[in-house]
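On a predicted model such as this, the values are computed, not experimentally measured, just so you know.
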Amino acid sequence: MVAADLPIGDRIRHYRGGHRQDAVAGLAGISPDYLSQIERGLKVPSLPILYALAQELGVPDTALLSEQAPPEEESADTAEAAVGRALLGYGPARSAETVTAAVLRDRVEAAWRSWQTSGRRFTEAAESLPSLVADVEHALRAARAGTDAVERRAVLRAAADLYCLLRSYLRRTGRVDLATLAADRAMRAAEDADDPLRIAAAQWNLGHVLLAAGQPADAEELALRAAEQVAVARIPDVERTAVGGGCASARRGRGCGAAAPLVGGSGPVA
C-alpha cells in the first residue's frame, strides 16, 4: 500500500520494489546516481524522465504524481480490480517482451468463445482477462511506438475486440465505470485501426453503455450510425449482414440490443 501523501521519490522507490536501481535507471535513460537522488528527494525529475520511469516501472505516470492513494488499495484479489489496474496502465515494464498480434488474436478469440459458450464463463473470464488486458495494453504501447504498420493494425484490431468483450463482462459484474472505459478504448482502437467493421461494432458496444446510463435516444443514434457506416463500407457480405442485423433493431425502435455484430471471428459483441 502506498500512502496518499508519499513524495515522488518514495513512490518511485516503492514501485521499483526488488528491481535493481541501476537496471531501472539504465532502461529509463538516466544514470543510477540521478535515480538515487530522485528517490532520496534531492532531485525532481522532469516530465519526460518521470514518464520514462513510469513506463519502466509498469505504472501510469499519474501513480507517481497523484496526491490520491493509488488504485492498488482497492481489493486487488478480484478480477475486476486487476482488469481496472491493467486498463489504467499497471502492467509489464516497457522493456518487457511484448506478445505478438497473432498470439493476442488467438487468446482474444478463445476468451470470446468461452464467454459465449461456457457454463463457467464468469469464472473463466476472471481467470483469463486480467493478464490478457495487461498484455494487450503493453502490446499497444509498443506497437504505437514502433514502425511496423501491419503489426500495429493487427494489435489494434485484437484490442478493439477484447475491449468489446470487456465492456460486456464488466457491466455484468457491476463495474459500470470500467465498462464505460472499455467501450471508449474499443472505439479508439477501432478508429486507430481504420477498420469499418470494428468501428461499427464499437459504436454498437458504446450504445449499450448509454442504454445502461439511461440514454436510449443517444444509444439509438449510435446504432443507426453504425448501420449506416456498414452499409457504405467495403465489408464482406457475411460480416455486413451480421453487423447490420445487430443494429437494425434500432430502426424498429428497439434500441441496439436485439442482436450483435461479429468481430474478427470472435463472435457477437454482446
Open item on the list: Tell me the closest heavy-atom pair linking A182 and L166, and the distance in Å.
Closed with: CB-CB, 3.9 Å

Open item on the list: Between L162 and L129, is there a side-chain heavy-atom distance shorter than 4.5 Å?
Closed with: yes

Task: Step-by-step side-chain contact (heavy atoms from CB on, under 4.5 Å) determination, L181 to Y163 - done: CA-CA 9 Å; L181 178 59; Y163 294 141; over 6 Å; no

Task: side-chain contact (heavy atoms from CB on, under 4.5 Å) assessment of R121 paired with Q116 - done: CA-CA 8 Å; R121 65 176 186 160; Q116 293 168 331; over 6 Å; no

- [ ] Could you label the plane-to-plane angle of the Y169 and F122 rings as parallel, tilted or perpendicular, counting under 30° as parallel and over 60° as perpendicular?
- [x] tilted

TODO: Check whether V103 and V133 end up in the same hydrophobic cluster, where Ile, Leu, Val, Met, Phe, Trp and Tyr are linked by side-chain heavy atoms less than 4.5 Å apart.
DONE: yes

TODO: Evaluate the side-chain contact (heavy atoms from CB on, under 4.5 Å) criterion for residues L206 and D184: first the C-alpha distance (whole Å), next the side-chain angles of each, then the deciding distance (0.1 Å), finally the verdict.
DONE: CA-CA 7 Å; L206 186 56; D184 179 68; 5.8 Å; no

- [ ] For the residue pair I38 and R13, establish whether any side-chain heavy-atom pair is separated by less than 4.5 Å.
- [x] no

Open item on the list: If I compare all heavy atoms of A159 with all of A189, which pair ends up nearest, and what's the gap?
Closed with: CB-CB, 4.2 Å

Open item on the list: Once rounded to the nearest 0.5 Å, what's the spacing between atom CG of D192 and atom CZ of R152?
Closed with: 5.5 Å

Task: Closest heavy-atom pair and its distance - T98, A142 - done: CG2-CB, 3.5 Å

Open item on the list: For the CD1 atom of I8 and the NZ atom of K43, what is their distance to the nearest 0.5 Å?
Closed with: 15.0 Å

Open item on the list: Do L165 and V108 make a side-chain contact, defined as non-hydrogen atoms from C-beta onward lying under 4.5 Å apart?
Closed with: no

TODO: Could you tell me whether R198 and E191 have a side-chain N and a carboxylate O separated by less than 4.0 Å?
DONE: no

Task: Shortest non-hydrogen separation from V44 to Y34 and the atoms involved - done: O-OH, 4.0 Å

Open item on the list: Are the side chains of T100 and R105 in contact, using a 4.5 Å heavy-atom criterion?
Closed with: no

Open item on the list: With a 3.5 Å distance limit and no angle check, can you tell me whether S118 reaches the backbone of W115 through a side-chain donor-acceptor pair?
Closed with: no

Open item on the list: Check R16 with E56, please: is the shortest side-chain N to carboxylate O separation under 4.0 Å?
Closed with: no

Open item on the list: Do the side chains of R153 and D194 get close enough for a salt bridge, i.e. N-O under 4.0 angstrom?
Closed with: no

- [ ] Supply the atom-to-atom distance D177 CG to R171 CZ, rounded to the nearest 0.5 angstrom.
- [x] 14.0 Å

Open item on the list: Is the shortest side-chain heavy-atom distance between C164 and W204 below 4.5 Å?
Closed with: no

Open item on the list: Can you give me the closest heavy-atom contact between I12 and E39, atom names plus distance?
Closed with: CG2-OE2, 3.8 Å

Open item on the list: Would you say that more than 12 heavy atoms from the other residues, nucleotides or ligands in this model lie under 6.0 Å from the CG of L42, or not?
Closed with: yes

- [ ] Answer yes or no: is there a side-chain heavy-atom contact under 4.5 Å between D135 and R107?
- [x] yes

- [ ] Drop me the distance from L104's CG to D161's CG, to the nearest 0.5 angstrom.
- [x] 11.5 Å

TODO: To the nearest 0.5 Å, tell me how far I30 CD1 sits from L35 CG.
DONE: 4.5 Å

Open item on the list: Within this structure, what is the CG-OH distance for the pair D10 and Y15, rounded to the nearest 0.5 Å?
Closed with: 12.0 Å

TODO: Check L50 against P45 and note the closest heavy-atom contact, atom names and distance.
DONE: CD1-CG, 3.9 Å

TODO: For R40 and S36, indicate whether the former's side chain and the latter's backbone hold a donor-acceptor pair under 3.5 Å.
DONE: yes

